[in-house]
Amino acid sequence: MSKVATRFAPSPTGALHIGGVRTALFNWLFSKNQKGTFHLRIEDTDKERSKDEHKIQIIKSLKWIGIEHDGEEYIQSQKIEDHIKIANELLQKGNAYKCYCSVEEIEEQKKRAKQKKIPYIYNRKWRDTDEKDAPKDIKPVIRFKSKIEGNSKLKDLVQGDIEIENNTIEDFIILRNDGTPTYNLSATVDDHQMGMTHIIRGDDHKINTFKQIQIYQAMSWIVPEFAHIPLIHTIEGKKLSKRDNASTLDDYSKIGIMPDALRNYLLRLGWSYQDKEIFTLDESIQHFNLEGIGKSPSKLDMSRILSMNEHYIKTIHDNDLYKNLVEYCSIYKEKIKSDKETKIKSSLYFLKNKAKTLEDIFNNAQYILDDEVKFNEDDLKLIDEKAKKIINEFNNQINKLENLDRNKLEPIINNLIKNYETNFKGVGQPLRIVLTGSKFGPGLYDIIISLGKDDVIQRLGKVLKQN
RNA sequence: GGUCCCUUCGUCUAUCGGUUAGGACAGCUGGUUUUCAUCCUGCAAAGGGGGGUUCGAUUCCCCCAGGGACCGCCA
């Protein structure tokens with residue numbers, strides 16, 4: 001058995017789709033688990049829609065989630081001559097033929113089939129018609145001579161045995177009338193030349209597989225193993241498409257989902273290993289197998305993505321979390337200023353407690369990030385004369401302190417509660433509002449300590465001056 | 001319409017003929033708490049329907065129903 005080689009073959013016609021990411025992930029994991037290689041093929045033969053920027057974006061996205069391909073990326077458009085060569089070879093060997101039907105003629109047949117409610121399949125007119133009778137004004141396409149008799153069986157590594165009647169597969173076009181190859185030909189030739197041993201792809205390709213296998217056989221090439229994975233569905237139960245909201249990687253990264261969390265979520269969507277939910281990258285490579293892939297399509301569930309992300313936020317090391325946060329902010333929010341770095345970093349341990357996403361952490365840290373407090377007007381109204389006295393008193397007390405820590409702050413707060421005959425809320429709420437602009441937020445001691453003495457005094461002073 | 005695939009809690013899933021059908025997320029209780037959270041208890045929640053096979057079926061087979069994918073000179 002030769003060394004396992006898998007590939008992911010997106011067309012660079014748009015942002016990378018979340019379903020594509022999962023397909024790439026499964027291919028990558030399988031190859032790594034088998035100590036094989038994983039390759040990236042860019043299927044850019046649709047010149048109209050393919051863009052170089054999309055190719056770059058795809059590679060970047062895969063890297064973001066932890067996937068890197070082995071070797072150079074394989075650019076399909078550079079191999080077109082090879083595909084054409086094979087088409088001609090098939091023609092010479094009698095496995096393909098020229099079809100002189102006009103586009104209009106075919107359209108007409110399709111329309112009629114639809115009216116009669118019978119399945120359309122190309123009528124194989126030119127399969128046996130002599131070329132001498134060919135119309136001069138029509139440039140032919142080349143069609144593959146697909147099997148008519150009998151059945152074909154596919155031993156699918158995920159779906160099991162699939163059997164299909166050969167006559168339901170038409171003589172598909174392998175070369176257009178402008179001389180360019182079509183998908184089924186190109187993909188097959190490429191997969192062969194790239195030495196792919198396992199083709200793992202969405203099960204929307206199942207029928208293509210029956211076509212492609214015939215090309216392998218006609219060329220006497222080794223047929224690779226196939227694994228068709230169920231598609232990801234929307235909540236409504238339909239195939240996820242680029243037009244759906246929240247279907248691209250960027251949709252998730254922009255709200256502050258971390259790559260590891262999304263990778264873990266995608267791994268468990270349609271694949272399982274006993275009851276294990278959390279997989280590090282290494283663990284996922286170690287445990288991944290095709291047997292664990294389910295047969296039924298699975299729905300994308302945002303609440304699970306969020307809770308997975310929350311889990312990673314709470315459990316990864318603060319240094320790693322900070323790295324993720326810095327990257328996130330610099331791309332989607334604002335760069336964290338260097339003078340705030342230490343404060344944010346040392347506050348992560350409580351900022352993350354109320355966060356499901358990096359965006360939540362960013363929002364929770366807003367009061368540290370902003371030099372000026374942005375007040376919520378309604379909350380500001382809660383600061384009455386008594387509150388101002390408390391604030392003033394607190395201000396005086398901490399002015400005397402060298403540095404702020406919980407042991408020193410606690411007696412001060414407790415005394416204020418006693419002296420002003422109130423409860424914690426009576427003291428805590430006004431202080432919280434003055435320091436952060438909102439009555440919601442982290443614990444009071446956390447706020448005070450995270451800001452530091454200078455900032456606290458400056459913020460208290462500002463409100464006290466407003467008399 | 002044709003071909004193919006799928007069907008366990010709302011969602012992702014475990015079970016490879018014998019289980020009180022397990023876990024996770026979401027939901028709902030209760031508790032801790034300094035607001036908001038976190039955290040910890042607990043609760044509720046599932047084998048589409050009908051036939052077989054078997055001592056015994058969620059598990060194996062068949063039929064039906066429902067859902068999905070494909071049916072391009074796109075990839």
Side-chain angles (χ1 to χ4, degrees), chain A residues 9-13 43-46 48-50 76 99 101-103 106-107 110 113-121 139-143 154 156 158-160 162-165 167-170 172-184 186-187 202-208 210 228 230-231 233 235 237-239 265 268-278 291-292 294-308 310-311 314 350 352-356 360 364 379 413 423-425 427-429 431-433 436 438-447:
Chain A
S11 44
T13 54
E43 303 206 329
D44 58 342
T45 51
D46 185 338
E48 296 283 301
R49 297 190 298 147
S50 295
Q76 188 165 62
C99 163
C101 289
S102 66
V103 175
I106 301 286
E107 285 303 316
K110 278 187 194 170
K114 207 168 183 181
Q115 275 169 1
K116 286 195 203 158
K117 291 204 182 233
I118 54 169
Y120 166 75
I121 183 166
K139 276 206 241 161
V141 298
I142 295 182
R143 287 182 184 270
L154 168 65
D156 192 282
V158 167
Q159 314 237 350
I162 305 168
E163 209 169 347
I164 193 170
E165 285 183 43
N167 63 20
T168 61
I169 293 172
E170 71 169 354
F172 54 98
I173 294 169
I174 54 177
L175 216 60
R176 301 184 185 96
N177 66 3
D178 64 357
T180 57
T182 61
Y183 168 76
N184 278 306
S186 296
D203 70 11
D204 48 344
H205 280 287
K206 241 184 293 180
I207 300 299
N208 287 330
F210 283 98
H228 290 95
L231 300 173
H233 280 181
I235 286 297
K238 300 269 189 256
K239 175 183 173 180
Y265 171 77
R268 282 287 288 99
L269 187 67
W271 178 83
S272 61
Y273 181 77
Q274 296 159 4
D275 275 344
K276 194 169 165 62
E277 298 282 350
I278 305 300
E291 296 78 55
K295 289 182 170 191
S296 51
S298 35
K299 292 179 186 150
L300 215 51
D301 181 359
M302 195 57 199
S303 70
R304 266 178 87 84
I305 297 177
L306 287 171
S307 82
M308 184 65 81
E310 184 181 13
H311 178 269
K314 300 236 164 81
F350 69 85
K352 71 182 177 187
N353 270 341
K354 21 193 330 154
K356 281 184 173 3
D360 290 342
N364 294 342
D379 290 345
I413 298 290
N423 54 16
F424 189 92
K425 193 180 171 188
V427 174
Q429 193 171 68
L431 284 174
R432 177 179 284 116
I433 292 170
T436 71
S438 164
K439 65 179 172 179
F440 303 120
L444 184 62
Y445 296 113
D446 287 332
I447 293 173

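Below, chains carry the letters A, B, ... as their sequence lines are ordered, and counting in each starts from 1. Note: hydrogens, waters and symmetry copies are ignored here, and every other heavy atom, side chains too, is used. None of these values were measured; they are calculated from a predicted model.
Following rounding to the nearest Å, A:Ile162 (CD1) and B:rC70 (P) show an atom-to-atom distance of 15 Å. Between A:Phe210 atom CZ and B:rG2 atom P the separation is 19 Å, expressed in whole Å. As a whole-Å value, the separation of A:His228 NE2 from B:rC6 C1' is 15 Å. Between the P atom of B:rC73 and the CD atom of A:Glu107 lies a distance of 8 Å, rounded to the nearest Å. In this structure, A:Asp275 atom CG and B:rU15 atom C1' are separated by 10 Å, rounded to whole Å. Between the C1' atom of B:rC70 and the CD atom of A:Glu165 lies a distance of 16 Å, rounded to the nearest Å. Here B:rC73 presents its P atom at 13 Å from CD1 of A:Ile174, a figure rounded to the nearest Å. Between the P atom of B:rA37 and the NZ atom of A:Lys439 lies a distance of 12 Å, rounded to the nearest Å.
If you check the side chains of A:Thr436 and A:Arg432, you find no donor sitting under 3.5 Å from an acceptor. Of the N and O atoms on the side chains of A:Thr182 and A:Asn184, not one donor lies less than 3.5 Å from an acceptor on the other residue.
Of the candidates B:rA14, B:rA75, B:rA26, B:rA75 carries the atom nearest the A:Thr182 side chain, counting heavy atoms from C-beta on. Nearest nucleotide to the side chain of A:Ile173, out of B:rC73, B:rA75, B:rA24: B:rC73. Listed nucleotides: B:rU35, B:rU7, B:rC25. Nearest to the side chain of A:Ser307: B:rC25. Here the side chain of A:Phe424 is nearest to one of B:rC25, B:rC74, B:rU34, namely B:rU34. Comparing B:rU34, B:rC73, B:rU11 by their nearest atom to the side chain of A:Val141 picks out B:rC73. For A:Asp46, taking side-chain heavy atoms from C-beta onward, the closest of the listed nucleotides B:rU35, B:rA75, B:rG68 is B:rA75. For A:Lys110, counting side-chain heavy atoms from C-beta on, the closest listed nucleotide (B:rC70, B:rG72, B:rU38) is B:rG72. Side-chain proximity of A:Ser303 to the nucleotides B:rC25, B:rA75, B:rU13 is greatest for B:rC25. Candidate nucleotides B:rG23, B:rC73, B:rU3 were compared by shortest atom distance to the side chain of A:Val103, and B:rC73 ranks first. In the set B:rU38, B:rU11, B:rA24, B:rA24 carries the atom at the smallest distance from any side-chain atom of A:Glu277.
In plain terms, the two heavy atoms of A:Asp44 and A:Gln76 that are nearest each other are OD1-N, 3.6 Å.
A close approach under 4.0 Å does occur between a side-chain nitrogen or oxygen of A:Lys239 and OP1 or OP2 of B:rC70. Between A:Ser298 and the phosphate of B:rC12, there is no side-chain N or O to OP1/OP2 separation shorter than 4.0 Å. In this model, the phosphate group of B:rG72 is not approached by any side-chain N or O of A:Arg143 to a distance below 4.0 Å at OP1 or OP2.
Annotation: B:rA24 and B:rC60 have their P atoms spaced 26 Å apart (nearest Å). Comparing the same atom, P, in B:rA46 and in B:rG22 gives a spacing of 11 Å after rounding to whole Å. Spacing of P atoms, B:rU29 relative to B:rG47, comes out at 25 Å, to the nearest Å. Straight-line distance between the C1' atoms of B:rU41 and B:rG68: roughly 41 Å, to the nearest whole Å. For the P atoms, the distance linking B:rC43 with B:rU11 amounts to 22 Å, nearest Å. Comparing B:rU3 with B:rC64, their P atoms are spaced 12 Å from each other, to the whole Å. Separating the P atom of B:rA57 from that of B:rA21 is a span of 15 Å, rounded to the nearest Å. To the nearest whole angstrom, the two C1' atoms, one in B:rC16 and one in B:rU58, are 12 Å apart.
Counting any heavy atom pair closer than 4.0 Å across all strands shown, A:Cys99 reaches no nucleic acid atom. Among the heavy atoms of the strands lying under 4.0 Å from A:Gly237 are primed sugar atoms or P, OP1, OP2 only; no base atom is included. Using a 4.0 Å heavy-atom cutoff across all strands shown, A:Asn208 reaches at least one base atom of the nucleic acid. Base contact: A:Asn177 has a heavy atom under 4.0 Å from a base atom. A:Tyr445 comes within 4.0 angstrom of a nucleotide base, judged by non-hydrogen atoms across all strands. A:Gly270 comes within 4.0 angstrom of sugar-phosphate atoms only, judged by non-hydrogen atoms across all strands, and of no base. Within 4.0 Å (heavy atoms only), A:Glu43 reaches sugar-phosphate atoms of the nucleic acid but no base atom. Among the atoms of the strands shown, only primed sugar atoms or phosphate atoms (P, OP1, OP2) are found under 4.0 Å from some heavy atom of A:Leu231. Within the nucleic acid shown, A:Thr45 comes within 4.0 Å of sugar-phosphate atoms alone, with no base atom in reach, counting heavy atoms only. Base contact: A:Pro442 has a heavy atom under 4.0 Å from a base atom. Residue A:Gln76 is in sugar-phosphate contact alone, with no base atom involved, counting any heavy-atom pair closer than 4.0 Å across all strands shown.
Residues A:Gly441 and A:Tyr183 both approach RNA chain B. Their nearest nucleotides, taken by heavy-atom distance, put A:Gly441 toward the 5′ side. With the nearest nucleotide of RNA chain B identified for both A:Asp178 and A:Ile207, A:Ile207 has the one nearer the 5' end.
Summarising the local packing, NZ of A:Lys276 is surrounded by more than 12 heavy atoms from other residues, nucleotides or ligands at distances under 6.0 Å. When the shell of 6.0 Å around NE2 of A:His233 is examined, it contains more than 12 heavy atoms from other residues, nucleotides or ligands. The 12-atom threshold is exceeded at NZ of A:Lys314, counting heavy atoms of other residues, nucleotides or ligands nearer than 6.0 Å.
Within the 3.5 Å criterion, the main-chain N or O of A:Pro181 finds a donor-acceptor partner in the side chain of A:Arg176. A distance-only check finds no donor-acceptor pair linking the side chain of A:Thr13 to the backbone of A:Arg49 [under 3.5 Å]. Checked by atom type and distance alone, the side chain of A:Tyr265 never pairs as donor or acceptor with a backbone atom of A:Leu300 at under 3.5 Å.
Side-chain atoms of A:Arg304 and base atoms of B:rA26 include no donor and acceptor less than 3.5 Å apart. Residue A:Gln274 places no side-chain atom within donor-acceptor reach of the base of B:rG23, judged by atom type and a 3.5 Å distance cut-off alone. In the interface, the side chain of A:Arg268 is not paired with the base of B:rU13 through any donor and acceptor atom under 3.5 Å apart.
B:rU41 makes up no base pair with any nucleotide shown, lacking Watson-Crick or G-U wobble contacts both under 3.5 Å. Nucleotide B:rC55 forms a Watson-Crick or G-U wobble pair with B:rG18, both donor-acceptor distances falling under 3.5 Å.
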Would A:Lys299 and A:Arg304 satisfy side chain to side chain contact (heavy atoms under 4.5 Å, CB included), going step by step from the backbone distance to the final call?
CA-CA 11 Å; A:Lys299 292 179 186 150; A:Arg304 266 178 87 84; over 6 Å; no
